[in-house]
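Scroll down for the structure; my scribbles are underneath it.
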Amino acid sequence: MRTIGNVIWLVLCGFWMAIGYALAGLVCFVLFFLIVTIPLGIAAFRIAGFVLWPFGRTIEPRTDAGAGSLIGNIIWVVLFGWWLALGHLITGFALCLTIIGIPLGLANFKIIPISLLPLGMRIVPVDQVEAAPAAFRY
């Protein structure tokens with residue numbers, strides 16, 4: 001079922017959103033004179049791969065993220081994050097207009113947090129998610 005969802009996702013919105021992340025990554029690498037943008041470019045390409053084939057993978061916070069991630073995320077939101085998140089929001093609403101597109105629209109909404117704050121997050125397969133402590137399980 002994941003494969004079918006991923007193929008439909010790729011055709012309807014994954015390819016176009018991945019292009020947006022790839023362009024953001026290229027801009028970050030072009031701005032190489034700002035050493036801070038290199039990790040942002042790497043994160044953009046990592047998210048582009050996730051956006052191409054998202055079903056079967058999930059996002060979880062990294063426990064070792066520090067102040068550098070916070071500073072990088074602020075720069076990311078100002079330069080790229082807001083328009084990529086807006087793209088996911090618009091695409092998600094458009095997909096939710098059809099019955100078949102509702103799961104894809106909801107998946108778009110779930111990607112918005114990593115499109116806004118990519119540093120300090122990691123993408124893992126669903127079957128490798130670490131169990132949260134009992135107080136944080138939902």
Side-chain angles (χ1 to χ4, degrees):
M1 198 64 186
R2 288 181 190 163
T3 304
I4 294 169
N6 279 323
V7 169
I8 295 170
W9 170 273
L10 181 68
V11 171
L12 293 180
C13 64
F15 180 73
W16 305 110
M17 291 306 297
I19 288 174
Y21 284 103
L23 288 174
L26 288 174
V27 169
C28 286
F29 286 128
V30 167
L31 296 175
F32 67 90
F33 60 89
L34 299 173
I35 300 300
V36 170
T37 61
I38 293 172
L40 298 177
I42 294 169
F45 285 115
R46 187 183 71 221
I47 299 169
F50 175 62
V51 170
L52 275 175
W53 208 256
F55 295 106
R57 296 189 287 174
T58 189
I59 303 162
E60 69 177 20
R62 291 179 47 184
T63 56
D64 59 345
S69 294
L70 175 67
I71 294 167
N73 280 332
I74 291 170
I75 293 169
W76 174 265
V77 167
V78 171
L79 294 178
F80 309 107
W82 67 271
W83 62 268
L84 289 167
L86 184 64
H88 282 293
L89 190 66
I90 292 168
T91 306
F93 280 126
L95 286 169
C96 284
L97 294 176
T98 65
I99 302 269
I100 250 180
I102 290 174
L104 302 174
L106 295 177
N108 258 309
F109 298 144
K110 289 181 181 179
I111 294 174
I112 289 175
I114 197 170
S115 70
L116 283 173
L117 306 171
L119 301 177
M121 303 292 267
R122 64 185 191 153
I123 300 165
V124 294
V126 173
D127 49 342
Q128 292 181 4
V129 175
E130 295 178 13
F136 297 106
R137 289 188 193 141
Y138 296 104

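As the structure is a computational prediction, the values presented were derived from the model and not from experiment.
- Heavy-atom neighbours of W16 CH2 from other residues, nucleotides or ligands within 6.0 Å: at or below the threshold of 12.
- Put simply, OG1 on T58 and CG on D127 are 11.5 Å apart, with the number rounded to the nearest 0.5 Å.
- Heavy-atom minimum distance, L40 versus L119: CD2-CD1, 3.6 Å.
- Annotation: the span from I100 atom CD1 to L12 atom CG amounts to 8.5 Å, rounded to 0.5 Å.
- The structure places CE of M121 at 9.0 Å from CD of E60, a figure rounded to the nearest 0.5 Å.
- In terms of heavy-atom proximity, S69 sits nearest to G120 at OG-N, 3.9 Å.
- The CG atom of L104 sits 11.0 Å away from the CG atom of L10 when rounded to the nearest 0.5 Å.
- In this structure, the separation between CG on N6 and CH2 on W53 is 5.0 Å, given to the nearest 0.5 Å.
- Summarising the geometry, atom CG belonging to L70 is positioned 10.0 Å from atom CD1 belonging to I75; distances are rounded to the nearest 0.5 Å.
- Residues L106 and F93 share a single hydrophobic cluster, defined by chaining ILVMFWY side chains whose heavy atoms lie under 4.5 Å apart.
- Linking Ile, Leu, Val, Met, Phe, Trp and Tyr residues whenever their side-chain heavy atoms come within less than 4.5 Å places L95 and I4 in a single cluster.
- Taking every heavy atom of both residues into account, C13 and T91 meet most closely at CB-CG2, 3.4 Å.
- Nearest heavy-atom pair, V77 versus W82, reported as atom, atom and distance to 0.1 Å: O-CD1, 3.1 Å.
- Between the side chain of W76 and the backbone N or O of S115, at least one donor-acceptor pair lies under 3.5 Å.
- Under the 4.5 Å side-chain heavy-atom criterion for Ile, Leu, Val, Met, Phe, Trp and Tyr, F80 and I123 are members of the same hydrophobic cluster.
- Under the 4.5 Å side-chain heavy-atom criterion for grouping Ile, Leu, Val, Met, Phe, Trp and Tyr, L79 is connected to I114 within one hydrophobic cluster.
- A distance-only check finds a donor-acceptor pair linking the side chain of R46 to the backbone of P118 [under 3.5 Å].
- V7 and I102 fall into different hydrophobic clusters, where Ile, Leu, Val, Met, Phe, Trp and Tyr are joined by side-chain heavy atoms under 4.5 Å apart, directly or via other members.
- With F45 as reference, F29 is the one residue of F50, F29, Y21 to meet the ring pair (Phe, Tyr, Trp, His ring centres under 6.0 Å) rule.
- Across I111 and V51, no two heavy atoms sit closer than the pair CG2-CG2, 4.3 Å.
- Across all non-hydrogen atoms, the minimal contact from M17 to L84 is CE-O, 3.7 Å.
- Within 6.0 Å of CG on L97 lie more than 12 heavy atoms contributed by other residues, nucleotides or ligands.
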